[in-house]
*Asks:* 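One structure, as C-alpha cells, below. Some questions next.
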Number of protein chains: 2
Amino acid sequence: MSQSCDREGLARVRMAALERRELLVQAALRVIAREGVAAATTRAVVAEAGMPLASFHYVFHSRDELIADLIRYVVDDEASAARAALSIEGDLPTTIRNGLKAFIDIVAADPLREQAMLELTQYALRTPELSESARIQYESYYRAAAGILEAAAGQLGIEWKRPIPEMARILITFTDGLTLGWLVDRDMAATESVIDFAADALSALAFPKEGGDR
Amino acid sequence: MSQSCDREGLARVRMAALERRELLVQAALRVIAREGVAAATTRAVVAEAGMPLASFHYVFHSRDELIADLIRYVVDDEASAARAALSIEGDLPTTIRNGLKAFIDIVAADPLREQAMLELTQYALRTPELSESARIQYESYYRAAAGILEAAAGQLGIEWKRPIPEMARILITFTDGLTLGWLVDRDMAATESVIDFAADALSALAFPKEGGDR
DNA sequence: GTCTATAAGGAGATAGAC
DNA sequence: GTCTATCTCCTTATAGAC
C-alpha cells in the first residue's frame, strides 16, 4: 500500500531511468548519423547503446517518444555550437563571411550529422505528434541567429536596417540553402562563392550606429 | 528457339512494361506526398496503382530502381514548371520578387509534394546507388535556374556581374532556404520578407547592358 | 528491476499455378 | 504474361522467467 515511501529508492530509480534515456538518445543520434532515421530502429539503438531490447520500452513508451527527445537534445547542442562559432574579426562582411564559412566547415567536418538534422526535421514534419518539435527546432535556430546578429551589431558598432527577427530568418535561409547545396555536390568552391554573396548582401543591411563607431 | 522473332509482340510487351512503370511511379509519388518516403513500400505503391504485388517486381528489379525512376520523373516535372513560372513584368527587383513568390506559392499550394521532393533528395543522399540521382537532381535545378536568369537578363536588357552558374547556385540557395523555412512554420509574411531581401540582393548583381537598354 | 523469449504484424522478393 | 500464395527476414512491443 505504501510503496511510494521509499524516496531515496525512487529517486535513484528515476535517475537511472533518466540516464538510460540519455544514453539511448545519444546512441540513436550515432545510428541516425551513420545510417539515417529509417535505420534507427529500437533494436539498432539498443544494440548501439549495449542494452537489451526490453530496456528501451522500460524508459520510453514508444519510438516516437525517443525521436522527440532526440530533437530536443540536438537542438540544444546546435544552438550552443552556433553561439560559440561567432568571432568578430575585421569589418562586417569579413565577420559574416568567416561566420558562414565556419558554419559550413562544421557541416563539412561531419556531413552525416547535418544530414541527420535535416532528416529529423523532415520526419518531425511528417509525424503529427512531432510537428511541434520541428517548429521548436526552428525557433531555436532563429533565436540563436538573432543572438549572433545582435552580438555582432553591438561589437562592430552598427545597426541593422530590419528588425532582428527578420534578419535572423534571412540568415537561417542562407544556412539552410548553403547546407543543402553543399550536401548534394560537396562543391566547396561554389559554396564559398555563395557565402561571399551572402556576406555582401547581409552587410548592405547594416549602417553605422549614430555616435558610436567604436 | 526463335522466341525473339515476334517483333510486334515484343514491342507491345515492352510498351506495356513501360506503361506499368510509369503508372507505378505516379502511384509512388502520390503515396510519398501523402505519407512520406518511408511509407512508399512496394505493397502501398501497388495498392495505390491497383495492381497485384507481383507486377511490381515484374517491371522493377527493386524498390530502389523505382525510386531512381521517380527522381528522374519529378525532376523533369519540376524544371519545366520552373521555366513556365517566369514572367517578366516591371523592373528587375519586381521580376525576381514575383518569380520567387510564384515559386513559394507553388510550394504552399501543395506542401506535401515539396516535402516529398526534399525527402527524396535525403533518401538519395543516404543510398549509395542513388547518390548520383541527387546530384543529377540538383544539376537539373541549377540548369533551370541558369535558363531563367539568362532569359530575364535578355528580356530586361541587363547583364549579371557574376558567371551564370554562380548566379544559379545563389538562386537555388534561396529557393531551398525559403522552402525549408516555410515548410516548418508556414509563415508567409516572414517568407515574403525574406523574398524582398532576396530580390534586392540579387538585383544588386545586375548592371545595364552596354548599348542595349531596350 | 532486468533481460530472455516470443507474440503479432509488415517488409521485399519469388515460386509456381493459371 | 499475370497474379496468388508463400518464403524469409526484420520490425515494435510485451509477457513472464529470474
Side-chain angles (χ1 to χ4, degrees), chain A residues 3-25 27-28 31-32 34-70 123 126-127 129-130, chain B residues 2-25 27-28 31-32 34-70 123 126-130:
Chain A
Q3 45 181 289
S4 63
C5 291
D6 186 1
R7 281 227 180 171
E8 197 185 77
L10 202 72
R12 205 178 317 124
V13 168
R14 294 195 55 189
M15 278 298 287
L18 281 177
E19 260 175 57
R20 290 208 158 193
R21 281 176 80 103
E22 189 160 339
L23 285 176
L24 285 170
V25 164
V31 174
I32 289 177
R34 204 190 314 129
E35 300 167 71
V37 173
T41 62
T42 54
R43 286 180 143 77
V45 172
V46 294
E48 176 77 23
M51 287 184 202
L53 178 56
S55 293
F56 185 93
H57 290 286
Y58 186 73
V59 292
F60 288 111
H61 290 94
S62 69
R63 184 175 174 272
D64 276 354
E65 193 179 307
L66 168 89
I67 303 280
D69 247 42
L70 186 56
Y123 184 83
R126 276 284 176 205
T127 314
E129 298 82 21
L130 293 178
Chain B
S2 61
Q3 46 179 288
S4 63
C5 290
D6 186 2
R7 281 225 178 170
E8 199 185 74
L10 203 72
R12 205 180 317 125
V13 168
R14 292 196 55 190
M15 278 298 288
L18 282 177
E19 261 174 58
R20 291 209 158 192
R21 281 176 80 104
E22 189 159 339
L23 286 175
L24 284 170
V25 164
V31 173
I32 289 176
R34 204 191 314 130
E35 299 167 72
V37 173
T41 62
T42 54
R43 289 178 146 80
V45 171
V46 295
E48 176 78 23
M51 287 184 204
L53 177 58
S55 292
F56 185 92
H57 290 287
Y58 186 73
V59 293
F60 288 110
H61 290 94
S62 69
R63 184 174 175 270
D64 277 353
E65 193 180 307
L66 168 90
I67 303 281
D69 246 43
L70 185 56
Y123 183 84
R126 278 284 178 205
T127 314
E129 298 82 21
L130 293 178

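What you see is a predicted model, and the numbers here were worked out from it, not measured in a lab. Chain identifiers are assigned alphabetically (A, B, ...) following the order of the sequence lines, protein sequences preceding nucleic acid strands; residue numbering begins at 1 within each chain.
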*Asks:* Is the phosphate of C:dG1 approached by A:R20 (side-chain N or O, under 4.0 Å from OP1 or OP2)?
*Replies:* no

*Asks:* Would you indicate which nucleotide in C:dT2, D:dT14, C:dT14 comes nearest to any side-chain atom of B:H57?
*Replies:* C:dT14

*Asks:* What is the distance, to the nearest angstrom, from the CG atom on A:L53 to the P atom on D:dA13?
*Replies:* 10 Å

*Asks:* Can you measure B:F56 atom CZ to C:dA11 atom C1' for me and round it to whole angstrom units?
*Replies:* 12 Å

*Asks:* For C:dG9, does OP1 or OP2 lie under 4.0 Å from any side-chain N or O of B:R43?
*Replies:* no

*Asks:* Nearest to the B:R63 side chain among D:dT4, C:dA13, D:dA13, which nucleotide is it?
*Replies:* C:dA13

*Asks:* In whole Å, I'd like the distance from the CD atom of B:E19 to the C1' atom of D:dT2.
*Replies:* 16 Å

*Asks:* Is a salt bridge present between B:E35 and A:R126, judged by a nitrogen-to-oxygen distance below 4.0 Å?
*Replies:* no

*Asks:* Got a sec, which residues hit side-chain contact (heavy atoms from CB on, under 4.5 Å) with B:E65, two or more places apart in sequence or on another chain?
*Replies:* B:R21, B:F60, B:H61, B:S62

*Asks:* Rounding to a whole Å, what distance do you find between B:E35:CD and C:dA11:P?
*Replies:* 11 Å

*Asks:* Take atom CG of B:L24 and atom P of C:dG12, then tell me their distance rounded to the nearest Å.
*Replies:* 13 Å

*Asks:* Where the side chain of A:P52 is defined as all heavy atoms beyond and including C-beta, which of C:dG12, D:dG1, C:dC3 is the nearest nucleotide?
*Replies:* C:dC3

*Asks:* Let me know the distance between OH of A:Y58 and P of C:dT4, rounded to the nearest Å.
*Replies:* 16 Å

*Asks:* Using a cut-off of strictly less than 4.0 Å, decide whether B:S55 has a side-chain nitrogen or oxygen near OP1 or OP2 of D:dC3.
*Replies:* yes

*Asks:* Determine whether B:V59 and B:L66 make a side-chain contact, defined as any pair of heavy atoms from C-beta on separated by less than 4.5 Å.
*Replies:* no

*Asks:* Which residue pairs satisfy the salt bridge (charged side-chain N to carboxylate O under 4.0 Å, His left out) criterion with at least one member in residues 36-46 of chain B, sequence neighbours excluded?
*Replies:* none

